[in-house]
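The structure appears right after this line, and notes come after that.
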Amino acid sequence: MAPARIEQPIETRLFINGKFQPSKSGKTFNLTNPATREVIAEIHEADEEDTNAAVAAAKAAFPSWRDLEPCERGVYLAKLSRLIHDSLDELAYLEAISTGKPISAFVDGIAAESHFQYFAEAGYQVQGSSSLNTRNHLNITVKQPFGVVACIIPWNAPCIFFSLKVAPALAAGNTVVLKSSEKAPLTSIYLARLAAEAGFPPGVLNIITGFGKPSGSTLSAHMDVRCISFTGSYSTGKKIQEAAAASNMKNVILELGGKSPAIIFPDADLETAAAATQSSIQFLSGQMCMANSRIYVHEKIADQFLALFKEKFGAARLGDPLDKTTTHGPQVDGIQYDRVKSYLEIGQRDGNMTLGGDAKDGLYIKPTVFENVPEDSRITKEEVFGPVVVINTFKTESEVISKANDTEYGLYAAVFTKDIDRAIRVSKLLEAGTVGVNCTSPTTAKDMPFGGVKSSGIGREGYGISLENYVETKSILIRVNPE
Ligand code: NAD
């Protein structure tokens, strides 16, 4: 049953200039619950006109918002944080019915609450520098907001990406248009309701729902959007970067996909390694950018590791995402389910499936293991975005580093060993934005920059660094006349 605070019918309109409004074209699209496959809501679809209206509202709101002091902007962010705190059950429910995320795995609300809380206080960190190094000058730099920032987010953890982008962008003095994923619009619309309750001035935060085309592509090509912050797939990231370059050279932050390796050396604590690596690829039914979808285990301990890994991985509880005991939900929709199934076929053709497979029950895929898969198979190379792991063996350190790095992706890598020299040597050589030593994803740290190298992205996000994403540096040169 829906928590009492969720009004029926669920709000599905666009939030532009401080008001909920239907799409101008009247167009809507159906949202389906992936667990029951029932239509649960009719969502208003932003087209080009709606998207332009949201950008125009953000542009109009910018000067007054920019001119507030950080503590004045912070009041709204802090209020939104408190409202999120009071709405954790509602957000978990909406995510479960729209994306199939088990409520037992919903950590997103607490993350969103803490992002808004942190950035409510952080605005004063936006600071420039000064220099007396030029004769007869006092030179200073100031950091200033871009103006209108567009945020485009994926469906797998919408509340996290919403808050990780919107909170620092607003704290730094920008105004925002956020487009949620067409697969997961409900929590973003609910956050819009909370933003309205928090009393943000009209136009400061606009939330629209719609598809990549036309809504997302309108934002990426928009001449009044000066910065775009995107989390999603590599192929969409590429299109956004192209559109940014072809329009107004807007600043681009891209957090993209991964094919993250975990390496298990013979001296590792195998219980810990098996528990952590299976949880990484099982969490959110494998629909996590940094999931360790490739595991390289030393041949000496492969049998022992595989037995422990499969026992834990296979114990995931498939079921109703609204049931507190469920740990493994369905894939988010039929498109993702078919995509994962096509990789299962590739894996069975190229290697051995030794656990799992299609659950043959709605959109569920069981925790699945492939062994003996060639390094050049598409299932070893490409992001599957399902609970599917390739486990291969290795003999030497240099061999496994070269296998781990043989990918265009570079989001997260993990190494399990008790040898500190090896841990540091390997961490240094792994091509990844984050390396876990005796831990793996989703372990992250709030104050550590997160992002990818190579084709996994451009830029970093996190407490200490996100404000920098949303400001530009200006040098002001002040001539000082000598006596
Ligand atoms: P996606 O790229 O299909 O969609 C992401 C967003 O982009 C959606 O809102 C979508 O509507 C929009 N979009 C689609 N086409 C567009 C276009 N031409 N122009 C502008 N916007 C467009 O990704 P997804 O399926 O929602 O999410 C899964 C992907 O996201 C995976 O690749 C995953 O690894 C990645 N991801 C990365 C991180 C990270 O932090 N690096 C985190 C989560 C997910």
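Keep in mind that this is a model prediction, so the values were computed, not measured. As the structure lists them, so they are numbered: ligands from 1, and atoms in each ligand from 1.
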*In terms of side-chain heavy atoms, does Ser280 have a donor or acceptor partner in Thr277 at a distance below 3.5 Å?*
no

*Partners passing side-chain hydrogen bond (donor to acceptor under 3.5 Å, both in side chains) against Tyr76 (at least two apart in sequence or in another chain)*: none

*No-hydrogen, no-angle side-chain donor-acceptor test under 3.5 Å, Ser229 and Lys165*: yes

*Would you please say whether a donor-acceptor pair under 3.5 Å links the side chains of Thr218 and Glu48?*
no

*Among side-chain atoms of Tyr234 and Glu383, is any donor-acceptor pair under 3.5 angstrom?*
no

*Who are the residue neighbours of ligand 1 when the rule is a heavy atom under 4.0 Å from any of its atoms?*
Ile152, Ile153, Pro154, Trp155, Asn156, Phe161, Lys179, Ser180, Ser181, Glu182, Phe211, Gly212, Gly216, Ser217, Ser220, Phe230, Thr231, Gly232, Ser233, Thr236, Lys239, Ile240, Glu255, Leu256, Gly257, Cys289, Glu383, Phe385, Leu411, Phe450

*How far apart are the C-alpha atoms of Arg460 and Glu255, what are their side-chain angles, what is the distance that settles it, and do they pass the salt bridge (charged side-chain N to carboxylate O under 4.0 Å, His left out) test?*
CA-CA 8 Å; Arg460 296 289 180 271; Glu255 298 285 356; over 6 Å; no

